[in-house]
Every structure is written in C-alpha cells, then in structure tokens.
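Single-structure report; data block below.
Note that ligands are numbered from 1 as they come in the structure, with each ligand's atoms numbered from 1 the same way. We're numbering straight along the sequence, starting at 1.
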Amino acid sequence: MADFSFLDNDFKLLKNEGLSHKKNPLETEQGAKIRMGGREVIQLSSNNYLGLTAHPHVKKAAIDGVKKYGAGTGSVRTIAGTFTIHEELEQKLAAFKKTESAIVFQSGFTANQAILSSVLTEKDVILTDELNHASIIDGIRLSKAERKIYHHVDMNSLETALKQSMKYRNRLIVTDGVFSMDGNIAPLPEIVTLAEKYDALVMVDDAHASGVLGENGRGTVNHYGLDGKVHIQIGTLSKAIGVLGGYAAGSRSLIDYLACHGRPYLFSTSHPPAVTMACSAAIDVLLSEPERIEKLRRNARYFKNGLQSAGFDTGKSETPITPVMTGKEQLAFELSNKLLEYGVLAKGIAYPTVAKGEARVRTIVTADHSEKDLNDALAAFSKAGKELQII
Ligand SMILES: *Cc1c(COP(=O)(O)O)cnc(C)c1O
C-alpha cells in the first residue's frame, strides 16, 4: 500500500540540522509570563504587542459575541455569512486607517492571497521586496502578473525594476511595512516618491506595524505622514490586535472589487461572532488606551538598549521586534534552549525562515512586560550569551 514514508528522509535531515519545530504548548492564556511544561517563563516570542489577547474588554466582547450571535456563522460572507457586526468592524477599520473602505479576511495570510491573486492580470507587473512575508510571495505565485524582485529596501534596485516595467499596464510595488525577522521599517517615503515618478501603485503589509507604529497604532503609512498616498494597506487582526484575521483598507472601488473577486472571501466561511466582536473591541482599546502603545515603545527601547549594552548584535531593528544575531544555526538553537532553561521563551529562527548563516533568536517585548520581567530576561540573555561565548 502506498504511504508517505518518502517524507521520512526529509524530516530526518531537518531534525539533524535542528530545523524541525519543537512546539511549546502553553498552559495559560498568552501574556508577559506563561506556563509551559508546568513552569512559568517570560514570553518573548509572541506577537501580542499590546497584551490584547487577554484584555478584559476584548475577552468580554468575545463572550458577548457567542451569547448574542452563536459560535459560528454558517456561511461565507457573500451568501449568508455577513452579520451586521462584520460590516461594523469593516467601517471601524476604514476609519482607523483613514481610507474610504475596508474588507476583512479570515487571516492576514488570506488577505494577501485574496488581493495579489485577483487585482492584476498578465498585462501588469508586481515589484516585490526580496524579504517580503511568505503570504505575499504565495499571493504573487497565484497572480497572472509578471513579477520582479528587488533587493531588500534597496531603492536603486526598485528604481531599476520600475524603469524596466514601463511597458506594463499597471505597476504594483509591494512591501512589508515592518519586516518580521529583522524589525526594520520599509523606506515608505522613498517608495512613494518612486511610485509617483513611475506611475505605480503601492501596497503595504502592516502586519507588524498595526497597533505598534503611527498615531494610536495606525501603522507605517500614518507613521510617515503618508495617509492617502498608499493604495492598499494590509493589516492583521492576529498580532497587536490580539485576535485573528486580516484586512485590506483602500479606495471604495478596490474594496468593492475584492468583495466580488477575493477568493477566500467568496469560498471560505466568515469569522465567528466572537472573533469579530473581539477585534472590534480591540480597535476601541487602541483608541482609548494609547498609553499601552507608549509602554510598548518604552519597553522595546529599554530591552534593546539592555541587549546592546550587554554586547549583543541586534541587527537593524527599529521596532519591538529585536533579533539577537548568532549567525550560526546551531548557536541560535543553543541560545534559545539555554534561555528556556533560565526561564525565558525566545525562539531560535534559522533557514529557511531567514537566510543561511543569519540565524538569530528573535524577541518581541510587549506592553504587558514589567521592568522586572525585562531585567530578568536581560540577565538570562547575559548569562546564556557568556556561556556560549556570544558576548
Ligand atoms: C504575520 C504576517 C502575516 C499573516 O498574518 P496572519 O493574520 O497571522 O495570517 C501577513 N503578513 C505579514 C507581513 C506578517 O508578518
């Protein structure tokens, strides 16, 4: 009988290189500290930037959602699965992003798939940063448009690609707002200037910037004062917003088009009421508790400075995503294992998530961490770093 034993060898290779994923099931809600394997550890690996996964308003909204509208929706958005709360959330997101309209998808991943696969044809071209997120890469694979990959945040490379793209009907530049493995911010002002010069459209994926950068966490576009100058803003509701989902914000014509052609929207069931109501409450928290974002920024600065003064290389991070570079794959996993031993969850990240020889331990502090949590984590980093002769 046929079976999948042909995959065993591949898995063995991954395991030998330390690249198979060892999961750490959480036994508590997400937060600054979590319990794993019966032990309490400091959480430095979540995307829960503002601590909203367990915010009382957000939890209450989820419960209210179930009580009022049930556990599921029973249909896709376009048939019978659009509830009033779905439309209310979309209006709230459009206002938040200062755009005409917005549309919610099941996740940030499907938002990118939906958009990139549907808005362009073989007459068009997509210009994409080489370090863009996997969901952008997959979305582009589903598109009929031509593609050109430019060097990471390299504006000369982008301009060259634009010059070679003038024969196409439309040019769409796509970039992450904040790059998820390095924590650097895309040079949006320069990208927008080039887009205007070469008559191109711009799409920014602010998965790691929504709730983090800009006024009330509106993202990189607002952070750079570019409201109205970027054609498509993608956001996720799964990271700083603390729940689940993705969305696109832009012009009414774009969003109306996506509601008819975005395939995950047409062919996959809409968000359960608990998710939608929790997301909506989380946006209210962003607007009513800006001190959370201030605390996040303070914590990020404090932790980054601490790592740097201890002698660690934190790469080119400008955001709460702070990598601790080890270069060698094995060293990243050894550092991560030691940190766990000393009570800190900070995962090693290696090829293929990042380039070979650029392995790292990636940390993300949140607004929930206390100064003591950060000091304890820094002490664990120093101890482990010295033992492994990284510092
Ligand atoms: C995490 C991430 C996504 C995926 O978002 P989900 O809501 O988790 O599916 C998309 N784009 C970027 C840049 C991301 O970092």
Practice task
Using the six-membered ring wherever Trp is involved, compare the ring planes of H55 and H57 and label them parallel, tilted or perpendicular (cut-offs 30° and 60°).
Solution key: tilted
Completion exercise
Across all chains, not counting sequence neighbours, the side-chain contact (heavy atoms from CB on, under 4.5 Å) partners of T175 are D129, N132, Y150, F179, A186, L188, I191, V204
Exercise for the section: Tell me whether the guanidinium CZ or amine NZ of K163 lies under 6.0 angstrom from the six-membered ring centre of Y198 and within 45° of its axis. Expected result: no
Problem - Cationic N near anionic O, under 4.0 Å, D373 to K33 - result: yes
Just list the N/O pairs, ligand 1 to protein, that are under 3.5 Å apart, with the distance for each.
{"from": "ligand 1", "atom 1": "7 (O)", "to": "G108", "atom 2": "N", "distance (Å)": "2.8"}
{"from": "ligand 1", "atom 1": "7 (O)", "to": "T236", "atom 2": "OG1", "distance (Å)": "2.7"}
{"from": "ligand 1", "atom 1": "7 (O)", "to": "S238", "atom 2": "OG", "distance (Å)": "2.5"}
{"from": "ligand 1", "atom 1": "9 (O)", "to": "G108", "atom 2": "N", "distance (Å)": "3.1"}
{"from": "ligand 1", "atom 1": "9 (O)", "to": "F109", "atom 2": "N", "distance (Å)": "2.9"}
{"from": "ligand 1", "atom 1": "11 (N)", "to": "H133", "atom 2": "ND1", "distance (Å)": "3.4"}
{"from": "ligand 1", "atom 1": "11 (N)", "to": "D205", "atom 2": "OD2", "distance (Å)": "2.5"}
{"from": "ligand 1", "atom 1": "15 (O)", "to": "H208", "atom 2": "NE2", "distance (Å)": "3.3"}
{"from": "ligand 1", "atom 1": "15 (O)", "to": "K239", "atom 2": "NZ", "distance (Å)": "2.7"}

Exercise for the section: Run the salt-bridge test on R362 and D182 with the 4.0 Å N-O cut-off and return the result as yes or no. Expected result: no
Handout entry: Charged N-O contact under 4.0 Å between K197 and E159
Key = yes
